[in-house]
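Numbers restart at 1 for each chain; the letters A, B, ... are given by sequence-line order, proteins then strands. This one's a predicted model, so the numbers in the text were calculated from it and none came from an experiment. We use all heavy atoms of the structure for the numbers below, so side chains are in, but hydrogens, waters and symmetry mates are not.
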2 protein chains.
Amino acid sequence: MQKKGTAGRTGAGRDRLPRAGTAGTGSRSQATRERILDAAERLFAQRGFYGISVRDITGAAEVDVALASYHFGNKQGLLEAVFMRRAEDLNAERSARLDAVLAAAKGRRPPKIEDVIDAFTHPLLDRSSRGSPGWKSYFALIAEVNNSPEFGGVLMSRFFDPVVEKFIDAIRRALPDCEERDLYWAYHFLSGALTLTFAETGRIDKLSGGACRSSDLDSVHERLVPYCAAGFRALCAAKRATPRPSRTAKSRK
Amino acid sequence: MQKKGTAGRTGAGRDRLPRAGTAGTGSRSQATRERILDAAERLFAQRGFYGISVRDITGAAEVDVALASYHFGNKQGLLEAVFMRRAEDLNAERSARLDAVLAAAKGRRPPKIEDVIDAFTHPLLDRSSRGSPGWKSYFALIAEVNNSPEFGGVLMSRFFDPVVEKFIDAIRRALPDCEERDLYWAYHFLSGALTLTFAETGRIDKLSGGACRSSDLDSVHERLVPYCAAGFRALCAAKRATPRPSRTAKSRK
DNA sequence: AATTTAGTTGAACGTTCGTTGAAATTCAAC
DNA sequence: GTTGAATTTCAACGAACGTTCAACTAAATT
């Protein structure tokens, strides 16, 4: 049940990739890569990795089918290239915003949870609703991958967990008494709420009788931040409340 | 880029399905159906609808490949049958629990949000962690489908939205001043957090350095309920505070 | 201008895809 | 035990799958 395509593979196809440094500088090659990436991004987002063939992608990109293998090695390499292309820009802004929030609260009291969450989510929702159309596909793809047992644990971790750790560390400062596990599970809930939003499945539209629209990401964002902020606080407050530690001795920073 | 399998289909294949009432009563046929459904459930959950072939499924079920078409019409019919098989039992208990929560608060004050959320989520998390192994696959499949642009809006709605509406109505009573859109978006966040949990991708395990385990659904549940309850309250409280409507005139219904 | 290199093309490979048709088997009713 | 329907088997269909190969064009280097 494993291998779908031909099995006649001996090497890996990778050995024929254009060398990273030398190639890709020509504008012709670069344009081809981008066309393929654009099409792959859009189609993978619609039907997932297995639901789209390499020929679907190169056909939509109007390039020869062999160019996918030439530029990205194989289908999985293409998927990872789609992931990587926008991840760098994304992580850079998220990281900078987190730094800014922490710097603004410097020395003084801990940062506000809402500000930390906003620093983490705003770059995403803003690009999805106001960026180029490719961004919307990109996030829809992330939504699908994040909930996939096969790819979720590896791809998401590889590309996004460094900045996620930075986010969790900022929350840790905002809620110094919070237990570690509560912190991570609360992030997990945020991640799930956020990625389902990106999927834009239209289910909420139907359910709400049209009152809510999946594509209205601004409405989502202004609710997601207070929702999750309250969730973070509730989890941490609960743990401080029940075992009832002396509260003067325990509340240390 | 659309049709993957053969295109020579004229009718629908459905016309050869065993008639619902007469067939399926024989224990031989019923056992075959269940074997196929079990295998499909497990494999679809692992790699999604397109990542698994009909031959993968019938091979794992150790039945002839033609039996999938015979019993379920086609591949999509098989997916829907997998969905349907456990949905009825699930919806029945969720609905009964919601009724119980509402009945317990009858006449008196509104029900507690935590109780409503628990009635909605407990039947799922309990079956996933303590039910037969098929249940875990079932929920992992739901996690993937819920975040799929292609299937999320239709399959989830078809099988689960009736009881979801009942859930939202119960929350509406718990938070009578809440605006409709806030209610639906808050449910959306709950749905995302819940379904990402079901995916059990292992990402949280890595991220937390082993402190959290994806498979520890009890830990998730005892955090999901207060997290989302606080989120619901925060959304509704926010709307009551800022625009300050007369609150007697606006509290509709 | 000649030669190397990067990029592209079109065709083909062996395999797997979803589905079907006809024949064979099993079962229930008589 | 025969009949008729329900179920299972086996083989095959044409299409689509991921990938590769050798030939070819365009660009860069000498």
| request: Could you check whether the rings of B:F49 and B:F44 sit parallel, tilted or perpendicular, using 30° and 60° as the cut-offs? | output: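 Ring orientation of B:F49 relative to B:F44: tilted.
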Residues in side-chain contact (heavy atoms from CB on, under 4.5 Å) contact with [X], at least two apart in sequence or another chain:
| X | result |
| --- | --- |
| A:A211 | A:S208, B:R181 |
| A:V65 | A:V54, A:R55, A:T58 |
| A:E165 | B:L207 |
| A:R85 | A:E34, A:L37, A:D38, A:E41 |

Starting at [atom1] of [X] and ending at [atom2] of [N], how long is that distance when rounded to a whole Å?
| X | N | atom1 | atom2 | result |
| --- | --- | --- | --- | --- |
| A:I36 | D:dG18 | CD1 | C1' | 14 Å |
| A:F72 | D:dT19 | CZ | P | 13 Å |
| B:Y50 | C:dT16 | OH | C1' | 17 Å |
| B:F49 | C:dC17 | CZ | P | 13 Å |
| A:F44 | D:dG18 | CZ | C1' | 12 Å |
| A:Q76 | D:dC17 | CD | C1' | 16 Å |
| B:I52 | C:dC17 | CD1 | P | 9 Å |
| B:Q30 | C:dC27 | CD | P | 15 Å |

| From D:dG18, C:dT19, C:dC17, pick the nucleotide closest to the side chain of A:K75? |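 Among the listed nucleotides, the one closest to the side chain of A:K75 is D:dG18.
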| task | Compare the minimum distances between each of D:dT7, D:dT8, D:dT19 and the side chain of B:S29, then state the nucleotide with the smallest one. | result |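 That would be D:dT7.
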Does [X] make a side-chain N or O approach to OP1 or OP2 of [N] shorter than 4.0 Å?
| X | N | result |
| --- | --- | --- |
| A:T32 | C:dT8 | yes |
| A:H71 | C:dT8 | yes |
| B:S53 | C:dT16 | no |

| field | Any residue meeting side chain to side chain donor-acceptor pair (under 3.5 Å) with B:R42, in chain and number order, not counting sequence neighbours | value |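 Result, side chain to side chain donor-acceptor pair (under 3.5 Å) vs B:R42: none returned.
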For residues 132-145 of chain A, tabulate all N or O donor-acceptor pairs below 3.5 Å that involve a side-chain atom, not counting sequence neighbours.
{"unit_1": "A:K136", "atom_1": "NZ", "unit_2": "A:E200", "atom_2": "OE2", "d": "2.6"}
{"unit_1": "A:Y138", "atom_1": "OH", "unit_2": "A:F83", "atom_2": "O", "d": "2.7"}
{"unit_1": "A:Y138", "atom_1": "OH", "unit_2": "A:A87", "atom_2": "N", "d": "3.4"}

Which pairs, protein N/O on one side and nucleotides 9-11 of chain C N/O on the other, fall under 3.5 Å?
{"unit_1": "C:dG10", "atom_1": "N7", "unit_2": "A:D64", "atom_2": "OD1", "d": "3.3"}
{"unit_1": "C:dG10", "atom_1": "N7", "unit_2": "A:D64", "atom_2": "OD2", "d": "3.1"}

Atom pairs, N/O to N/O, protein against nucleotides 24-27 of chain D, distance under 3.5 Å?
none

| Salt-bridge contact A:R130-A:D218 (side-chain N to carboxylate O under 4.0 Å) |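 Yes, charged N to carboxylate O under 4.0 Å.
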Contacts table for residues 184-194 of chain B: side-chain donor-acceptor under 3.5 angstrom, sequence neighbours left out:
{"unit_1": "B:Y187", "atom_1": "OH", "unit_2": "A:R203", "atom_2": "NH2", "d": "3.3"}
{"unit_1": "B:H188", "atom_1": "NE2", "unit_2": "A:T197", "atom_2": "OG1", "d": "2.9"}
{"unit_1": "B:S191", "atom_1": "OG", "unit_2": "B:N146", "atom_2": "ND2", "d": "3.3"}

